[in-house]
Novice: 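One structure, as structure tokens, below. Some questions next.
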Amino acid sequence: MRDFNERCAQCSEVNWGLTDGGRFYCRSCHNVTERTREVVNTDFITNSRVQTISKGLKRQEKTDGGCEWYICEGFQLVLKKQVEALEALGVCPQMKDEILYNFWRRYLQKSKQAYCKRPAGETVKALSVCESSTDVDSDPERPSLLHLLSLSESEGDLQTDCSFASSVSKVSESTSVYSGSVDGSLYLMKNQKEKLRMTMPMTLSFCYLALLWVREPITLSELLRFVVEGHIPYMNVFQHFPEKMKLCGLDLKIFCVESWPVYEEVFNKMHELAAFLDLPRFPDITESCFLHPDMLCMKYLMEANLPDELHNWTCRVVKKIGIGEVDFLTLMPGNKSTRKVKYDVLAAAVIVVVLKLLFLLDDHYEWLLSEFAEERNKNNTEGGPYFEFKKWYEVVKHSLDVEQKKLDEEKAKYLWRCEKPLFYSVKNKSKVLKRRQMVVNLQNQFGKLSGSVQRAEKPNPSSFQLSWSEENTDGSCFHGHSLKGVLQEKRGLLTAMNPDYWLCTVKLCNEKLCGHLAHYREVEFPQSYHFVLGLFSFLLRIQPSYIHDEVCMIEHRLFNKKLCKKLKYNTVLRKSKRPKTSSIKPM
């Protein structure tokens, strides 16, 4: 090293070290040159056996036509496909290169997989992308894979972490047997969990985080529904990988998904990711933003086929309990004092609370109101018809059952196996393709014999799953129906005729310990309440218990003062051993 005094081509420093392959590398910028150390002393012991053979560091192509690739490169390609699908759905183009790309680059840097310097004292023992710049010059036919898969076409190669690559080389022989990627086995080791290890559900967390930053009119429930419907690549997305990226063994465990994404998992990972990236406060969620409860309530009222007049009541509830405030709705990563807002679930819960305020939903009062409205509609010749809860229940339940049956059939018919056959060697490629073609032909023949209908093309994505038209003459649309049958004027304001209100729970649970603010069991609640929860559960594709949690939170904010008085009164009653006679009245 003392005899090699040339300056580094990148940083102009003279600070050279030796790799295990015998080549010089710059300790300052980690640039690896093609220059190797000349052996001066050729003395050797005869009859000695060679114990190790130093392998070259160049990323050579494998004999089966594949090339060496890293797990982060695979996830980068998945994100690229997903954001391109979102752009096709109408998302602003800036989300790809200006938002998601920066989030991904920050994640690679924070997890020390790229865009970072090698820790001091480490030696270069495996190829990193910073070395690949010299390989590109010597092998112009195969450019850097990370450059090909970069989210931004204008950006250059990533500088991967040399320490991460050095650890890969120690088990390169063993990993090549169990995975097609270089770091497949290392990626699943326990110590990688400390760096918020990337998973397939986290790709959707990345997408939702970027959507939230640009305040696009897509909620998390819609994003996951588009995934299930096949509009956003997620299931078997690895079939879009280039031919040279061979997947086998542990790679399939990482990229092969055998279940649909879960709302709660993607939501929680999104918040962990935002804190891990140390992101600043997100753009404000104002009243004009689609994610504001007033806007989402309007959307879900239309989709649930409920009267338009209910929107005035949802706005009153939102304003009274302060869940429409900017500070409440805006995401502030890392701030543990703020509540994690599920915008779509919150809006659905507001509608449920309003329905309880007006109709009580106790399997008795709402049916009495329906009988009253039915009698008024028979004699009503002027104005819009009165809203009948019973008739609405029958119409919506019929449509809901039909759509639920279609959804169940689609899930049952879904082909979990990848359409593109997987083969791990060139020798078996022709056999696998021939076998796959035989299977497809047999499926088509049996389909014709059984008379099964061929799969139609995917319908265009829509924000509404249930549509109702006021032009229908069968009276199945309730948007223009009046709430006069359940309201009364008092002191110049319209108030509910319903004098009572029942709480889902008197005391909330610790969400951090239990995972829920309240426990939901169907047998413990009225069927009307369960039906309304089931309706929004279908629209949002989540469990009813999550909507029930938000309903309990809203109720405790709405009746906070009365609850405190009731709890104090009950404490006095227990001490005096007198019967409880207190009740809560609605606002």
Side-chain angles (χ1 to χ4, degrees), residues 217-222 224-225 263 290-318 342-361 363 366-367 369-370 373 384-407 462-472 474-483 485-486 496 525-551 554:
I218 297 180
T219 60
L220 179 56
S221 57
E222 285 180 322
L224 300 185
R225 179 165 59 86
Y263 185 103
F290 177 81
L291 297 177
H292 194 276
D294 291 345
M295 300 288 284
L296 286 176
C297 282
M298 186 185 302
K299 174 184 182 298
Y300 294 137
L301 285 173
M302 294 177 61
E303 195 165 9
N305 198 17
L306 288 167
D308 299 332
E309 294 182 13
L310 284 175
H311 187 245
N312 295 328
W313 284 82
T314 59
C315 292
R316 289 176 63 181
V317 172
V318 168
K342 303 171 183 174
Y343 303 100
D344 40 10
V345 183
L346 180 66
V350 171
I351 297 176
V352 175
V353 170
V354 169
L355 290 176
K356 287 181 65 179
L357 284 170
L358 299 181
F359 299 95
L360 198 59
L361 302 183
D363 290 343
E366 62 270 22
W367 307 123
L369 291 176
S370 294
Y386 285 24
F387 176 71
E388 298 180 35
F389 187 90
K390 181 180 179 180
K391 187 177 180 180
W392 170 83
Y393 169 83
E394 293 172 350
V395 171
V396 174
K397 188 177 187 306
H398 174 71
S399 298
L400 187 62
D401 292 341
V402 172
E403 294 298 324
Q404 185 67 55
K405 184 179 180 180
K406 290 181 181 178
L407 179 62
S462 174
S463 296
F464 292 89
Q465 301 175 71
L466 302 176
S467 59
W468 314 92
S469 176
E470 296 184 10
E471 298 177 356
N472 294 342
D474 57 355
S476 60
C477 181
F478 295 86
H479 291 162
H481 286 214
S482 174
L483 296 177
V486 296
F525 294 91
Q527 287 300 310
S528 297
Y529 176 74
H530 176 70
F531 171 76
V532 173
L533 285 190
L535 171 60
F536 290 105
S537 172
F538 172 81
L539 297 178
L540 303 183
R541 305 289 176 89
I542 60 174
Q543 295 295 326
S545 58
Y546 294 120
I547 304 177
H548 178 72
D549 282 354
E550 295 296 321
V551 170
I554 293 173

Novice: For the side chain of D344 and the backbone of T219, is there at least one donor-acceptor N/O pair under 3.5 Å apart?
Specialist: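 No, D344 side chain to T219 backbone: no donor-acceptor pair under 3.5 Å.
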Novice: If you compare all heavy atoms of P544 against all heavy atoms of L533, which two are closest, and at what distance to 0.1 Å?
Specialist: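 Closest heavy-atom pair between P544 and L533: O-CD1, 4.1 Å.
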Novice: Tell me every residue that passes ring-ring contact (aromatic ring centres under 6.0 Å, His included) with F531, counting only those two or more places apart in sequence or in another chain.
Specialist: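 Only W392, Y393 meet the ring-ring contact (aromatic ring centres under 6.0 Å, His included) criterion with F531.
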Novice: Using every non-hydrogen atom in the two residues, find where W468 and V396 come nearest and quote the distance to one decimal.
Specialist: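 Taking every non-hydrogen atom into account, CH2-CA, 4.3 Å.
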Novice: If you look at every heavy atom in L301 and H479, which pair is closest and at what distance?
Specialist: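 Smallest interatomic distance, heavy atoms only, reads O-NE2, 4.2 Å.
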Novice: Would you say L346 and P293 make side-chain contact, with heavy atoms under 4.5 Å?
Specialist: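 Result yes, sub-4.5 Å side-chain heavy-atom pair found.
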Novice: Under the rule for side-chain contact (heavy atoms from CB on, under 4.5 Å), what residues qualify as partners of H530, not counting sequence neighbours?
Specialist: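 Here the qualifying residues are Y520, E522, Q527.
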Novice: Nearest 0.5 Å, what's the CG-CE distance between L466 and M302?
Specialist: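 If we round to the nearest 0.5 Å, L466:CG and M302:CE are 12.5 Å apart.
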Novice: Is the backbone of Y386 close enough, under 3.5 Å, to the side chain of S482 for a donor and an acceptor to pair up by distance?
Specialist: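 No, because the side chain of S482 does not come within donor-acceptor range (under 3.5 Å) of the backbone of Y386.
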Novice: Which heavy atom of S463 sits nearest a heavy atom of R225, and at what distance?
Specialist: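 Scanning both residues completely, I find the closest heavy atoms to be O-NH2, 3.5 Å.
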Novice: Do you know the tightest heavy-atom contact between Q404 and F538?
Specialist: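 Looks like OE1-CD1, 3.1 Å.
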Novice: Calculate, to the nearest 0.5 Å, the distance between atoms CG and CG belonging to L483 and N312 respectively.
Specialist: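 Between L483 CG and N312 CG, I get 9.0 Å after rounding to 0.5 Å.
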Novice: Is Y546 close to L540 at the side-chain level, that is, under 4.5 Å between some pair of heavy atoms?
Specialist: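 When only atoms from C-beta onward are counted, Y546 and L540 do not touch, as no gap falls below 4.5 Å.
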Novice: Say you draw a straight line from OG of S476 to CD of E394; how long is it, rounded to the nearest 0.5 Å?
Specialist: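 S476 OG to E394 CD: 13.0 Å, rounded to 0.5 Å.
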Novice: Checking Y300 now: which residues fulfil side chain to side chain donor-acceptor pair (under 3.5 Å) with it, not counting sequence neighbours?
Specialist: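 Result, side chain to side chain donor-acceptor pair (under 3.5 Å) vs Y300: none returned.
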Novice: Side chain to side chain contact (heavy atoms under 4.5 Å, CB included) for I218 and F290? Distances and angles first, verdict last.
Specialist: CA-CA 8 Å; I218 297 180; F290 177 81; over 6 Å; no
Novice: Answer yes or no: is there a donor N or O on one side and an acceptor on the other, between the side chain of H311 and the main chain of D294, under 3.5 Å?
Specialist: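 Checked: pair present.
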Novice: Indicate yes or no for a side-chain donor-acceptor contact from Q465 to the backbone of L539 under 3.5 Å, with no hydrogens or angles considered.
Specialist: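 Such a contact is found between Q465 side chain and L539 backbone.
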Novice: Considering only heavy atoms from C-beta outward, does the side chain of L355 approach that of L310 to under 4.5 Å?
Specialist: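 Yes. Closest side-chain heavy atoms under 4.5 Å.
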Novice: What distance do K356 atom NZ and E366 atom CD have between them, rounded to the nearest 0.5 Å?
Specialist: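 It is 11.5 Å, given to the nearest 0.5 Å.
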Novice: Under 3.5 Å, is there a donor-acceptor pair between the side chain of S370 and the main chain of F389?
Specialist: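 The answer is yes, because a donor-acceptor pair under 3.5 Å joins these two groups.
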Novice: Work out which heavy atom in W367 is nearest to a heavy atom in K390; give both atom names and the distance.
Specialist: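 That closest heavy-atom pairing would be CZ3-CA, 3.4 Å.
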Novice: Quick one: side chain to side chain donor-acceptor pair (under 3.5 Å) partners of K397, sequence neighbours excluded?
Specialist: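 Once residues adjacent in sequence are excluded, the partners of K397 under the side chain to side chain donor-acceptor pair (under 3.5 Å) criterion are D401.
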Novice: Pairs in or reaching into residues 303-312: which pass salt bridge (charged side-chain N to carboxylate O under 4.0 Å, His left out), with residues at least two apart or in two chains?
Specialist: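 For residues 303-312: K299-E303.
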Novice: Given side chain to side chain contact (heavy atoms under 4.5 Å, CB included), test E403 with L407 step by step and report yes or no.
Specialist: CA-CA 6 Å; E403 294 298 324; L407 179 62; over 6 Å; no
Novice: Please enumerate all residues that pass ring-ring contact (aromatic ring centres under 6.0 Å, His included) together with F536, with sequence neighbours excluded.
Specialist: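 Partners of F536 under the ring-ring contact (aromatic ring centres under 6.0 Å, His included) test: none.
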Novice: Could you state the interatomic distance from CG (L296) to OG1 (T314), rounded to the nearest 0.5 Å?
Specialist: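 Rounded to the nearest 0.5 Å, the CG-OG1 separation comes out at 10.5 Å.
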Novice: Taking C-beta and beyond as the side chain, do F387 and V486 meet within less than 4.5 Å on heavy atoms?
Specialist: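 They are not in contact (no side-chain heavy atoms under 4.5 Å apart), so the answer is no.
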